[in-house]
Every structure is written in C-alpha cells, then in structure tokens.
Asks: 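There's a structure below that I have some questions on.
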2 protein chains.
Amino acid sequence: MSYQLLLDNISKCISLPKDEEDYFVSLLKIKKVKRKQFLLQEEEVQKQAIFVTEGCLRGYAIDKNGFEHILQFAPPGWWIADMNSLLNQEPGILYIDAIFNSEVLLLSKTDQDELFIRIPGFERFFRILSERSFASYQYRMVDSLSLSALERYHNFCKLYPSLIECLPQKQVASYIGVTPEFLSAILNKKISAK
Amino acid sequence: MSYQLLLDNISKCISLPKDEEDYFVSLLKIKKVKRKQFLLQEEEVQKQAIFVTEGCLRGYAIDKNGFEHILQFAPPGWWIADMNSLLNQEPGILYIDAIFNSEVLLLSKTDQDELFIRIPGFERFFRILSERSFASYQYRMVDSLSLSALERYHNFCKLYPSLIECLPQKQVASYIGVTPEFLSAILNKKISAK
DNA sequence: CCCTCCTCTTAAACTATCTTAAGATTTTCT
DNA sequence: AGAAAATCTTAAGATAGTTTAAGAGGAGGG
C-alpha cells in the first residue's frame, strides 16, 4: 500500500512491466519517522533518496548564528534530499527531519545507480523529476531576488494551499526568509489597513 | 570546431559511437549573437536549449518596478534556458541576452525529445546535467536565505573567479541581490576598515 | 577621435526587516 | 488534566539595504 503513491507517479512518466516494477520495489526500504526525528544532519553524507508517503518532512540549514532556514517541505508524493551530498557522496549542509509522524521510502544511491543500468526507463523518470525540480528552483530564485516578503508569502499560499493550513506560521516565515515576528507583523498590519 | 566543447562535456558522462555523434551534431544550429542581442524575452516560449561556445550570456527577470535581477551567467561550456518554459512549452518570465558577442548552439525541444528516444544515452546525459543544476540551485537558495550581502559576494568570487574579472560590478550586484550602490559601499567600506 | 552612454563612487534620507523583550495563547508530553 | 514547551502578537529600538542625486572616470559606437 505504501508503494502505490510512488508507483502511480512513476507510471505517469514511464510504463513498467510487472517484473521491473517488482525489482524496483525490492530496492525500497519503508521507514517510519517520528515527529522531530532526523533523517539527515549537517556533515553527514546523504546515502539515500527519500520519498514521502505519509506525514511531512522538512529540509533546512542552520546558519552560523544558530537560526534555521527551511529550504523545502516534503508532504506525501514529494522527494527530498541534500542533492549535492547525494550526487557526490560527500558531507552535506542540510538537516532533514519530520514535522509530523511520517512514513518514507528510501532508495540508496548505489541501488539507484544499479537501477539506471538495469532499467533505462528510470533514467527517464529521474531526468524528468530533476528537470522539474530545477525549473521550480529557478523560478523560486527569481522570486527571492525580485519580490517583497509579503509577495513571497502570497506566492507560498498559492503554491502550497494544503501546507499553509497545517504548518506553524513560524515555519512559513523561515521558508520565505523572514523572522516569525516580522511575518506576524505584516500579516496583521494588512488586515487593519484594509 | 564549435561543437568540440559540447562533445567533450558529453563524453565525460556517456560514450557515443561516431554515427550517433553525427546524428546529434546534425540537430544543433550554430548561432552568432551580438552583444545586447536577445535570445529570449518575457512572455515568449523557450523553444530551444542554449549551449554557449564563445562569449557570455545572461538570464534575468525584470520586476514590476523595471529592475533587472540576474539569475544566471552562461560563459562557454554552460547551458542556459528558462527551464519551466522549455519543459512545458509555455510563456516564460526570463530574458536571455548576450553580455559580449557570443556564439551558441541551439537544440530545439522537439529534436531533444526525439533524441531521447533514438539515443537513450542522452537521457542519462541530461539527467546528470539537470541533477547538477538542481543541486547547485538548492545550495544557492540556502545561501540566499542565510548569508549577508558581503558573504554572498565572497561566495560569488570563489565560485566564478573568471567571471568576476570581466563582469561590470553592477551585474554582480544584480546576481547577488543588492543594488550597485550598496555593493560599491560595502566593498569600499571593507578596505578602509582594515 | 569625440561624444554619448554606462559605470563607479559617495552621501544623506528613507524603508524593510531584524532584535529583543514580554505577555497571551495554543500545543505537546506525561 | 496539568505542567512544560512552543507559538503568536505587539512594540520599541537597531541595522541592512534602498533611493535619490550628483560628479568623475571609462568604454563603445559612429
């Protein structure tokens, strides 16, 4: 049951015979992750790609003053990883932990490399996945360069309507790159100005 | 001669028989681009992926107040595109133009799709390319969330030592996300403080 | 070669965002 | 349920970065 979401996503890009699907599933490890439990910490090497089936994870960095900066949320159906660490198998800079009790599928780097050789269709699947991630980071970077905090907040609401309801406002502030106090201030100022 | 840089890059990821290489090269169009000439403007659809062989291009957005925000520089050996526009063949938000007189290779979206079917090795090549771009945007986004303007400037110098010498300071300011006046101020303040 | 345009610098006034702090409220853990 | 921890709000004072303006120097185009 846990695999269905991922298999559905894959079948939107490529068609897999049953035996290849079974082989792929055999490479995945199911893992339950409790709220606040880490899947990765700074300086560790990201050994597996992570696919979320239940709950929600987050990826963030901690700056030299100890402040968290959330780079990504990963609700069900999303992949998450310190991509540079995963690709080059070198120490990363991200922390990944669970916001709610969650369930994830893990695909190790070595199994993934093997998968590309045995089933070239996965080469295509992960190409498409990477292209889309790349494209969305490109636009997010433009937003970060050209929009105000309030505009970035509205963007976030449009892009992740389901997340905005269940996330503490503090974490949304961290994602859009402002302090929780400032986000609170601009949101409440807006209402009274209206 | 124009193709050599690209073919060398490709051969670092995959090995291509001569006939496949010839087929690939037959899909490429060479184009000379004069300083300030556009290859893409906002609202246009990105029909081709662009590979730079000489000179330097830049990709940028213009905000509602008319200010430019440079997302990427593309010296020789780099690809550049409004990735979302290229992928989905819908209107984009980026401008792409030449900083110096340049030469580029163009690979159209339709030819690229055809290429993936005829030569699966290119599926791998572009997967790796996208993964790396994705990884570097991830880290750049972390920098943008957690570093000061001066730190982002130093990062830029480390990452693009060759660019820093030939780019007007104004464009570096635009890339790191500050006004040219402010970059000038922090750079000169630093010297006198020392 | 000259003129124009672009770039760099400096400085003062302004604005967005941060810091600190404290109280009120909500959520989590036992 | 009750204690402990995290979150949200508000406000005052501080800082990073912007705006505007003006002058000097450099580079590109005819």
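Please read these numbers as outputs of a predicted model, since none were measured by experiment. Each chain gets a letter, A, B and so on, in the order the sequences are listed, and its residues count up from 1.
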Asks: Which nucleotide in the set dT7(C), dC29(C), dT18(D) lies at the smallest distance from any side-chain heavy atom of Lys170(B)?
Replies: dT7(C)
Asks: Rounded to the nearest Å, what distance is computed from the CZ atom of residue Arg35(A) to the C1' atom of nucleotide dA5(D)?
Replies: 10 Å
Asks: Tell me whether Ser130(B) contacts the main-chain N or O of Arg127(A) through its side chain, where contact means a donor paired with an acceptor under 3.5 Å.
Replies: no
Asks: Any carboxylate oxygen within less than 4.0 angstrom of a Lys/Arg side-chain nitrogen, looking at Lys64(B) and Glu151(A)?
Replies: yes
Asks: Quick check on dC18(C): is either OP1 or OP2 less than 4.0 Å from any side-chain nitrogen or oxygen of Thr179(A)?
Replies: yes
Asks: Using atom CG of Leu183(B) as one end and atom P of dT7(C) as the other, report the distance to the nearest whole Å.
Replies: 14 Å
Asks: Output yes when at least one side-chain N/O atom of Gln171(A) is less than 4.0 Å from OP1 or OP2 of dA6(D), else no.
Replies: no
Asks: Out of dT19(D), dT7(C), dT18(D), which nucleotide sits closest to the side chain of Glu181(B)?
Replies: dT19(D)
Asks: Just how far, in rounded Å, is P of dC18(C) from CZ of Phe67(A)?
Replies: 10 Å
Asks: May I have the distance from Lys189(B) (atom NZ) to dA12(C) (atom C1'), rounded to whole angstrom?
Replies: 12 Å
Asks: Once you round it to whole Å, what is the distance between C1' of dA16(C) and CD of Glu151(A)?
Replies: 13 Å
Asks: Any carboxylate oxygen within less than 4.0 angstrom of a Lys/Arg side-chain nitrogen, looking at Arg58(B) and Asp97(B)?
Replies: yes
Asks: Which is more 5' along DNA chain C, the nucleotide nearest Gly177(A) or the one nearest Lys36(B)? Just name the residue.
Replies: Lys36(B)
Asks: Quickly work out the Ile164(A) CD1 to dC8(D) C1' distance and round it to whole Å.
Replies: 15 Å
Asks: I want to check one thing: is the phosphate of dC8(C), taken as OP1 and OP2, less than 4.0 Å away from some side-chain N or O of Asn188(B)?
Replies: no
Asks: How many Å lie between CD on Gln37(A) and P on dT28(C), as a whole number?
Replies: 17 Å
Asks: So does Asp8(B) pair up with Lys12(B), basic N to acidic O under 4.0 Å?
Replies: no
Asks: Quick one: Asp63(B) CG to dA16(C) P, roughly how many Å, whole number?
Replies: 14 Å
Asks: Which nucleotide in the list dC18(C), dC8(C), dC8(D) gets nearest to the side chain of Ser184(A)?
Replies: dC8(D)
Asks: Do Phe73(B) and Tyr160(B) have ring centroids that are under 6.0 Å from one another?
Replies: no
Asks: Which nucleotide, dA16(C), dT7(D), dT18(D), lies nearest any side-chain atom of Phe182(B)?
Replies: dT18(D)
